[in-house]
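Everything numeric in this text was worked out from a predicted model, so none of it was measured. Sequential numbering from 1 along the given sequence is applied to the chain's residues.
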Amino acid sequence: MTAPGSTAPVLAPRVLGRCRALVRPALAEAVERLHPWVGEMAAYAFGWCEVGGAPAPASGGKGVRQALAVLGAEAAGAPERAGVAAAVAVELVHTFSLLHDDIMDGDAARRRRPAVWKAYGTGPAVLAGDALFALAVETLAARSGGPAAVRALSAALGDLVRGQADDLLFAARPWTGPEQVRPDEYRAMAERKTGALLGCAAALGSVLGGAAAGTSAALDRAGRHLGVAFQIVDDVLGVWGDPAVTGKPVHGDLRERKKTFPVLVALRTPVAPRLAALLESGTDPAAAAALIEEAGGRSAALAEARRHLTAAEAALTAVPLEAGAAADLRSLLDFLVRRDL
C-alpha cells in the first residue's frame with residue numbers, strides 16, 4: 001500500500017514518538033485532576049499503570065489521534081499549545097469511547113491485558129469513561145477558541161454514536177437478501193464510527209488556533225477518509241493478518257461473524273450462498289477466507305482503502321499548509337494504512 005520509495009515506515013514512528021512526548025505531560029496533568037480512583041482507571045486504560053496503581057512496564061498505544069491533532073495544528077500554522085490541548089481532548093475522548101465499546105462488544109481484553117471493565121467492573125468502567133468525556137470538554141472549554149472546538153468535538157461524537165449504532169444493528173441483519181448490509185452502508189458507518197474522530201483530531205488544533213474554516217474543513221475531510229481506509233485495512237487484517245502482528249487469532253473476524261468490508265463485497269458475487277452458509281455455521285473460517293479471496297473481497301477492500309488514502313492526500317493538497325508538518329502528516333497517513341499488508 002506504500003508508494004515505492006516512501007519514507008513513511010522510517011519517518012512515521014519518529015513522528016508518533018515526538019507527538020507522544022509533547023502531549024504526555026499535559027495528558028497526565030489532566031488525568032491527575034480526576035478523582036483518585038477514577039484517575040487510576042484512566043491511567044490503566046492509557047497503559048500507564050497496573051490495577052492498584054503500580055507503574056506498568058510499557059506505555060499504551062501508538063497515540064495516533066494525538067499525533068493527528070498536533071500535526072494538524074502545526075500544518076495549519078496554529079500555536080503549539082493549541083495542538084497539545086486538542087491532542088489531550090481527543091485522546092481523552094478516544095479512550096472514553098474504547099471503555100464503552102469494550103463493554104458493548106463484550107471484549108474482555110485490550111492491548112493484551114484485561115479491559116477496564118474486566119479489571120475494575122462494568123459500573124466503574126462506565127464511570128471512568130464518563131469522567132474522561134467530561135474532562136475532554138473541560139480541556140477545550142478552558143482555551144481561547146473553546147466554544148468552536150467544543151462544537152466540533154460534539155459534532156464528531158454525534159457521528160461516532162450514529163456509526164456505532166449502525167455497526168451494532170448490522171449484526172442482526174441477514175447475510176443475503178434485500179435486507180443484507182450493502183458496501184455503501186458500511187462506508188457510511190466506517191466514516192462515522194472511525195473517521196469522525198480521526199477527522200476531528202486532525203482539525204481540532206486548527207480550530208483552537210483560529211485557522212481559516214476551509215483549512216479546518218480540509219483537515220477534517222482528510223481524517224475522515226483516513227478513518228474509512230484505516231477501518232477497511234483493519235477488516236483485512238482481521239481475516240488474513242499475522243497474529244504475531246495483530247495480536248488476534250487468524251480469521252478472528254470470521255469466527256466472530258463480523259460483517260466486514262471484504263465479506264460484504266464477496267456476498268454480492270455468485271459465491272454468496274456458499275459463503276453465507278459457511279459464515280452462519282462458523283465451523284470452517286479458513287474455507288470462508290479462501291472463498292472471500294476467490295470472490296475478490298480482499299482485493300476490492302485494499303483498492304477501496306487506497307482510494308480513501310488518495311482522497312485524504314487530495315484534501316491536504318487543496319489548502320495551503322506548512323510544508324514540514326504537512327509532510328509529517330502525509331507520512332503518518334500512509335504508515336497507518338499500510339500496517340504490514
Any side-chain heavy atom of [X] within less than 4.5 Å of one from [Y]?
X: R113; Y: E50; value: yes
X: P262; Y: V236; value: yes
X: F96; Y: L135; value: no
X: L153; Y: L157; value: yes
X: V93; Y: V137; value: no

Hey, does the side chain of [X] reach the backbone of [Y] with a donor-acceptor pair shorter than 3.5 angstrom?
X: R298; Y: A289; answer: no
X: D159; Y: A196; answer: no
X: S216; Y: A213; answer: no
X: R255; Y: G282; answer: no
X: T269; Y: V265; answer: no

Interatomic distance, [X] atom [atom1] to [Y] atom [atom2] [nearest 0.5 angstrom]:
X: L302; Y: F261; atom1: CG; atom2: CZ; value: 10.5 Å
X: Q66; Y: L71; atom1: CD; atom2: CG; value: 10.5 Å
X: M104; Y: S97; atom1: CE; atom2: OG; value: 8.5 Å
X: L198; Y: L219; atom1: CG; atom2: CG; value: 12.5 Å
X: L127; Y: H35; atom1: CG; atom2: NE2; value: 9.0 Å
X: D253; Y: L279; atom1: CG; atom2: CG; value: 11.5 Å

List the steps, then state whether side chain to side chain contact (heavy atoms under 4.5 Å, CB included) holds for F133 with L99.
CA-CA 11 Å; F133 171 64; L99 264 61; over 6 Å; no

Checking side chain to side chain contact (heavy atoms under 4.5 Å, CB included) for the pair L169/M189: CA distance, chi angles, key distance, verdict?
CA-CA 11 Å; L169 289 170; M189 178 278 294; over 6 Å; no

Can you name the nearest heavy-atom pair linking [X] to [Y], along with the distance?
X: D102; Y: W117; value: O-NE1, 3.4 Å
X: E91; Y: L27; value: CG-CD2, 3.8 Å
X: A75; Y: A326; value: CB-N, 4.1 Å
X: A128; Y: V38; value: CA-CG1, 4.0 Å
X: A288; Y: L254; value: CB-CD1, 4.1 Å
X: L208; Y: A149; value: CD2-CB, 3.6 Å

If only side-chain N and O atoms count, and only distance matters, is there a donor-acceptor pair under 3.5 Å linking T317 with R330?
yes

Given salt bridge (Lys or Arg N to Asp or Glu O under 4.0 Å), test E179 with R173 step by step and report yes or no.
CA-CA 6 Å; E179 295 301 316; R173 290 170 60 178; 5.1 Å; no

Indicate the ring-plane relationship of W48 and F46, choosing parallel, tilted or perpendicular according to the 30° and 60° boundaries.
parallel

May I ask you to decide if the ring planes of H308 and H225 are parallel, tilted or perpendicular, using 30° and 60° as cut-offs?
tilted

Cluster question for you: counting only ILVMFWY and a side-chain heavy-atom cut-off of under 4.5 Å, with indirect links fine, are [X] and [Y] together?
X: L321; Y: L11; answer: yes
X: V263; Y: V250; answer: no
X: V207; Y: L92; answer: no
X: L226; Y: V233; answer: yes
X: L34; Y: W37; answer: yes

Ion pair check, D220 and R224, cut-off under 4.0 Å:
yes

Derivation and outcome, side chain to side chain contact (heavy atoms under 4.5 Å, CB included), residues V23 and V88:
CA-CA 7 Å; V23 173; V88 169; 4.0 Å; yes

Stepwise, does the side chain to side chain contact (heavy atoms under 4.5 Å, CB included) test hold for Q180 with R268?
CA-CA 10 Å; Q180 73 184 106; R268 301 186 76 79; 3.8 Å; yes

Of K259, R187, R192, the one forming a salt bridge (Lys or Arg N to Asp or Glu O under 4.0 Å) with D166 is R192

Criterion side-chain hydrogen bond (donor to acceptor under 3.5 Å, both in side chains) on R81 and S144, from CA distance to verdict:
CA-CA 11 Å; R81 64 182 180 276; S144 175; over 6 Å; no

